[in-house]
Amino acid sequence: MQTARKKIIIDTDTASDDAVALVMALREPTLQVLAITTVAGNVPLELATKNACLSVTYAGGARPPIYPGADRPLCRPLRCAEGIHGKDGMGDQSCFRAPEVEAERTHAVDAILRLVREGEGDIEIVTLGPLTNLALAILQEPETMKRVPRITAMGGAAFYGNTSPTAEFNFWVDAEAADIVCRSGIPLTIVTGEAGLEAGVLGPEKLELLEAASERGWFCVTCNDTMRQNSIRSRGYPQIGLPDPIALAALTRPELITGSFDAHVRVETQGSDLTYGMMVCDRRPPEYGAVSKHEGPRQPFQAKVVYEMDPEGFFQYLYELVK
Ligand code: RIB
Ligand code: CA
């Protein structure tokens, strides 16, 4: 008997690594992508939405509705990542076909709340960008959002940041939103920047294999050309990193997870440039009593933090979906 597909909503600041994750998700037979919601992050919202439409076009799989969401973080100015992904977020290429799908007019937060409210309590959410849309949905209808069984979020730094010494980009763009999600009571799987930076790296050989696999494979490599050119300039050879596809793989191929821990996770919102957006993992066992009367109350662990995945297993998975 065929097992039911897992229903998910994907929230994304679609730039080049998000695009690969979207292609994978739309071709993964065990997933039913009910909606794609876009958020400002890597690039401004309009570009993230256009890039999501382009990724759906090239995926050659299901074509779920795309809902544009927040165009800025909750409290701070938007800070993008064009240096990594290109000004348009997709490697600044002129060779792609025009998108064959258009975004909806409904706001992402309204779409998320409607789907979760009308669903059977079985709709998980995968986030690939800043958590602004999720935070707005939680603030607007906290009880509705408690119907979400799990959020798998690409974000956070377990040991070292990629955007500041302590913060990963998605949590650094909107730390207030990330902390609201951590405090929501929704179970979390947080797939950190380190997992992507290590297991999600494609060097010259893997890039060649992927590019030659299919038009989808060519799209996945070409939209990451800014990263590839940056690597050629700095390392002397092509290489890209795919943190968002790693986060998706943590959901659909948990056997590829080789390093994780459970914790109560919060995100620093009052910090300096050194610590704003830092993920704080409290691993003190909540069931043990406080060591000192000066300690604050211990919180139950609400997050599984994934910091390491199998790189070869990940590439085989990516290649199988894209070829
Ligand atoms: O830190 C990596 C994350 O930030 C990825 O989601 C990338 O797309 C950017 O959003
Ligand atoms: Ca992203």
Side-chain angles (χ1 to χ4, degrees), residues 9-25 36-45 47-52 54-55 66 68-73 78-91 108 125-134 151-175 177-178 181 189-202 220 223-228 230 239-251 267 276-279 305-307 309 314:
I9 295 168
I10 300 177
D11 190 70
T12 164
D13 60 338
T14 316
S16 56
D17 67 315
D18 304 66
V20 179
L22 290 176
V23 169
M24 292 170 68
I36 293 169
T37 55
T38 58
V39 65
N42 283 317
V43 289
L45 176 68
L47 274 175
T49 305
K50 179 169 178 261
N51 296 341
L54 189 64
S55 304
I66 298 167
D71 63 2
R72 75 200 66 180
L78 175 60
R79 296 177 288 184
C80 296
E82 288 93 345
I84 307 284
H85 302 281
K87 282 190 177 36
D88 69 0
M90 300 289 272
I125 299 180
V126 176
T127 67
L128 307 175
L131 292 169
T132 317
N133 287 339
L134 273 288
I151 294 172
T152 298
M154 191 282 129
F159 312 109
Y160 56 89
N162 63 5
T163 306
S164 82
T166 58
E168 173 279 330
F169 179 79
N170 289 334
F171 283 16
W172 174 84
V173 166
D174 196 343
V181 173
T189 298
I190 296 176
V191 187
T192 64
E194 295 93 323
L197 276 176
E198 292 164 23
V201 169
L202 305 191
C220 288
C223 73
N224 279 283
D225 193 51
T226 301
M227 263 193 250
R228 181 166 55 173
N230 288 348
Q239 178 176 296
I240 67 172
L242 297 175
D244 290 337
I246 281 285
L248 183 85
L251 173 69
V267 180
Y276 176 77
M278 176 179 181
M279 177 171 76
V305 177
V306 177
Y307 61 86
M309 290 196 48
F314 165 71

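We count ligands from 1, going down the list as the structure has it; atoms in each ligand are counted the same way.
Taking the Ca ion (ligand 2) as reference, D13 places its N/O/S atom OD1 nearest. Restricting D244 to its N/O/S atoms, the shortest distance to the Ca ion (ligand 2) is reached by OD2.
Taking distance alone, with nitrogen or oxygen atoms compared against 3.5 Å, P243 stays at or beyond that limit from ligand 1.
Contact annotation: F169 places no N, O or S atom under 3.0 Å from the Ca ion (ligand 2).
For ligand 1 and D13, the ligand atoms under 4.0 Å from any heavy atom of the residue are 10 (O). Residue contact check: N170 has heavy atoms under 4.0 Å from atoms 3 (C), 4 (O), 5 (C), 6 (O), 9 (C), 10 (O) of ligand 1.
Rounded to 10 degrees, the OD2-metal-O angle spanning D18 and L128 at the Ca ion (ligand 2) equals 90°.
In this structure, a donor-acceptor pair under 3.5 Å is absent between the side chains of D11 and T127.
Among all protein heavy atoms, the one lying closest to atom 9 (C) of ligand 1 is N42 OD1, 3.1 Å. Scanning the protein heavy atoms around atom 6 (O) of ligand 1, the nearest turns out to be D244 OD1, 2.6 Å. The protein non-hydrogen atom at the shortest distance from atom 8 (O) of ligand 1 is D17 OD1, 2.5 Å. Counting protein heavy atoms only, atom 1 (O) of ligand 1 is closest to E168 OE2, 2.6 Å.
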Checklist line | Chi angles and distances behind the side-chain contact (heavy atoms from CB on, under 4.5 Å) call for N51, D18 | finding: CA-CA 9 Å; N51 296 341; D18 304 66; over 6 Å; no
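Taking both residues in full, the closest heavy atoms of L128 and M154 are given as CA-CB, 4.3 Å, listed atom of the first, atom of the second, then distance. Between T132 and R72 the shortest heavy-atom distance is CG2-O, 3.4 Å. The minimum heavy-atom distance between E82 and P44, with the atom names listed, is OE2-CD, 4.3 Å.
Counting heavy atoms from C-beta outward, D71 and L78 have side chains that stay 4.5 Å or more apart. Contact check for V305 versus M279: side-chain heavy atoms found under the 4.5 Å cut-off. Residues M90 and S55 are in side-chain contact: their nearest non-hydrogen atoms beyond the backbone lie under 4.5 Å apart.
Looking at L128 against ligand 1, only its backbone comes within 4.0 Å, counting heavy atoms. With a 4.0 Å heavy-atom cut-off, ligand 1 is reached by no atom of I84. Counting heavy atoms under 4.0 Å from ligand 1, residue T163 does not touch it at all.
Looking at T14, D244, D13 one by one, the single match for side chain to side chain donor-acceptor pair (under 3.5 Å) with N42 turns out to be D13.
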